[in-house]
2 protein chains.
Amino acid sequence: MNIGEIARRAGVSRSTVSYALSGKRPVSEDTRRKIQRVIDELGYRPNASARALANGRTSTIGLVFPPAGNHYTGMQLDFIGSVAEAAAAYDYDVLLSPSGADSDRSFQRLLGERRVDGAILMEIRLEDDRVDHLAELDFPSVTIGRTARPGGVWWVGLDHTALVEACVHHLADLGHRRVAFVNRPEQLLRAGYESAHRGLDGFTKAAAERGLTVGMYNCGDDAASGQTCLERILHDDPATTALVTLNEAALGGLYRGLAKAGRHVPRDFSVTGVVAGRWAETVTPQLTAADVPAEEMGRLAVDLLVERLDNPHAPARHHLLAPPISLRASTGPVFGTS
Amino acid sequence: MNIGEIARRAGVSRSTVSYALSGKRPVSEDTRRKIQRVIDELGYRPNASARALANGRTSTIGLVFPPAGNHYTGMQLDFIGSVAEAAAAYDYDVLLSPSGADSDRSFQRLLGERRVDGAILMEIRLEDDRVDHLAELDFPSVTIGRTARPGGVWWVGLDHTALVEACVHHLADLGHRRVAFVNRPEQLLRAGYESAHRGLDGFTKAAAERGLTVGMYNCGDDAASGQTCLERILHDDPATTALVTLNEAALGGLYRGLAKAGRHVPRDFSVTGVVAGRWAETVTPQLTAADVPAEEMGRLAVDLLVERLDNPHAPARHHLLAPPISLRASTGPVFGTS
DNA sequence: ACCGGCTGTCGAACCGGTTCGCGTGAAGTG
DNA sequence: CACTTCACGCGAACCGGTTCGACAGCCGGT
């Protein structure tokens, strides 16, 4: 069931079959039909490896995400899903590559062995050797997130700084004066994860602007850590009346900690942050938050990558998203304020 | 940077380079070193497409999951993550294919174009044309979930029937007599999704055995639907004191509905079901549930597939998992019972 | 000195497509 | 009727690996 067999049965040469299929040269209506009939009968489909070898394109894009030995957050996984579907719409397949560094075996496979035409990188760090490496090679890629100096790189990112600032201003407007910040795990912050750093910057800046008293915390990506973290917050400053979080996975634990401490949300305590909309609606009361548009970001990343693949010399493009805060039910005025 | 270039620079033939790399024929220590040095200098890696074409293996496995136009549940996404990592450990890449039917373009690409050596299928239906098709072709594949007649198929599955039965018995033991069942959306039930059907069977059977009064509900995969569903349950039979759910995504909404109705969990109302452990620990009170071992299942599926690929004529194998119920905090005796 | 076997290497064929240059027969033109 | 033009199809080369058969050179044995 290869192209030679089709050619033989249709009584034409291999090249004619190829042209009939690709349309890159005219083929008479007559022979085209003859060929098509044989193909339909045998259910022939051209071998992807052979095609890739011949024309140098695999029609596959790589999706590089960090190996999670730990577990995945809902956001990461939403990206994967949306990238796969957006790519399918462009007739690209998606190859998963769990690699954190450019020296990973998995990463080397993608690039060195030319398994993919381009790549989408997730979980970007401010200084990211994978991104630098790809830029150096001029390898078509798009990052979800941006490094410290994203010039010349194609990316789609979230303006964590602005989003967290908006959260802080929202709380300050409601009268909150003592506010805690619940960040991702310290290990990720130290590794230089973009969202953790930019979010922290936004928090620091806005809190200073509004003259707030703050506490800053790193919190593990799970419910138990969230609960522990909340206990620490109230222990350090029992007068805290609100928190901002980037940590989706800890959210349930934070709520639990508040309930255990007898703080009613939003009457006694306000909670907000940057979280995927789906999760914000899961907790009770529903979370007032800047909703991470994970699906849109995945789609945009694919759009950009395809554009770059079609047009290798186009100048770098990017999308910086800053969705508005969705007012739900987890924030309110400080007790005693009107 | 191809094998010919390496050969030229090392002063040997292309076949010698190939043998030096694969070890399939002896090569003198001397020339091996010469070749290795050139390879290291140039950072050469053999082209995956060429290799796949020559030896007929792509070192890639396909992961087929339904296109989610709707959104993904936490479980599905956990599978994807764990499959990718387990595959990497075996030096396989994972190709994502969002397809629901064997006629999907995406599905045809995987098989017809020989992009993968084998496939793992998720979200199995009791009658599943994809599975039938693969079995007919004797294409190496493993399903996560099992069809109505899984003989001859390789699979790893969850014993939903037994798990839901265990949940019902747990509730009955606590004295509950009026129990509701919250299933996945009706659309999925009608499509024949395995978990929805087998779970329902288990519920029906166990409830009959214990002489319980039951209500059965289909519920959308999101928090809002969960809340609505709970309102319906209490409207239909206000004396209901417990529910069993398969619907992870609705869980937050069910809890919210209970809170709105003034039912305290677990004092006035018990909740249990089949849910990934991570989610069970997110809600407050933490859910007593049969924890879906999504990571383990993904890993086992890859193990089976690799075994099948290494050994094409081995008889079909499978793993049926039935994790015990984890007692947490969402169930308790009926009010008035001791 | 001759033969057999072993080791290490080479050349050629092959995997299944794509693409380029050329030939052929029919149609169009003066 | 000879001459260009064009549409159509063919063969060969190529993409970058793998693998098979052959063979050269060296060894030890008789």
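Order of the sequence lines sets the chain letters (A, B, ...), proteins ahead of strands, with each chain counted from 1. When reading the values below, keep in mind they use all heavy atoms of this one structure, side chains included, and skip hydrogens, waters and symmetry mates.
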Examine [N]: is either OP1 or OP2 under 4.0 Å from a nitrogen or oxygen in the side chain of [X]? Give yes or no.
X: B/S18; N: D/dT18; value: yes
X: A/T31; N: D/dG9; value: yes
X: A/N2; N: C/dG16; value: yes
X: A/K24; N: C/dT19; value: yes

Nucleotide [N], atom [atom2] - distance to [atom1] of [X] in whole Å:
X: B/R33; N: C/dG8; atom1: CZ; atom2: P; result: 13 Å
X: A/R45; N: C/dG16; atom1: CZ; atom2: P; result: 17 Å
X: B/R57; N: D/dT19; atom1: CZ; atom2: P; result: 11 Å
X: A/N47; N: C/dT18; atom1: CG; atom2: C1'; result: 13 Å
X: A/R32; N: D/dC8; atom1: CZ; atom2: P; result: 9 Å
X: B/R114; N: C/dC15; atom1: CZ; atom2: C1'; result: 12 Å
X: A/L21; N: C/dG17; atom1: CG; atom2: C1'; result: 11 Å
X: A/N55; N: D/dA13; atom1: CG; atom2: C1'; result: 16 Å

Out of [options], whichever nucleotide has its closest atom nearest the side chain of [X]:
X: A/A54; options: C/dG16, D/dG11, C/dT9; answer: C/dG16
X: B/R51; options: D/dT18, D/dA13, C/dT9; answer: D/dT18
X: B/S13; options: C/dG17, C/dC10, C/dC20; answer: C/dC10
X: A/R25; options: D/dC8, C/dC20, C/dG17; answer: C/dC20

Between B/R125 and B/E194, does a salt bridge (charged side-chain N to carboxylate O under 4.0 Å, His left out) hold up when you go through it step by step? CA-CA 5 Å; B/R125 297 188 284 274; B/E194 187 219 354; over 6 Å; no
Looking only at the side chains, is there a donor atom on one of [X] and [Y] sitting less than 3.5 Å from an acceptor on the other?
X: A/D303; Y: A/Y90; result: yes
X: A/T58; Y: A/D117; result: yes
X: A/Q36; Y: A/D40; result: yes
X: A/S15; Y: A/S18; result: no

Under-3.5 Å donor-acceptor pair between B/S28 side chain and C/dG8 base: no
Between the base of D/dC10 and the side chain of A/Y19, is there any donor-acceptor pair under 3.5 Å?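 No pair found.
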If you pin B/R14 and A/L53 to their nearest nucleotides in DNA chain C, which one's is more 5'? B/R14
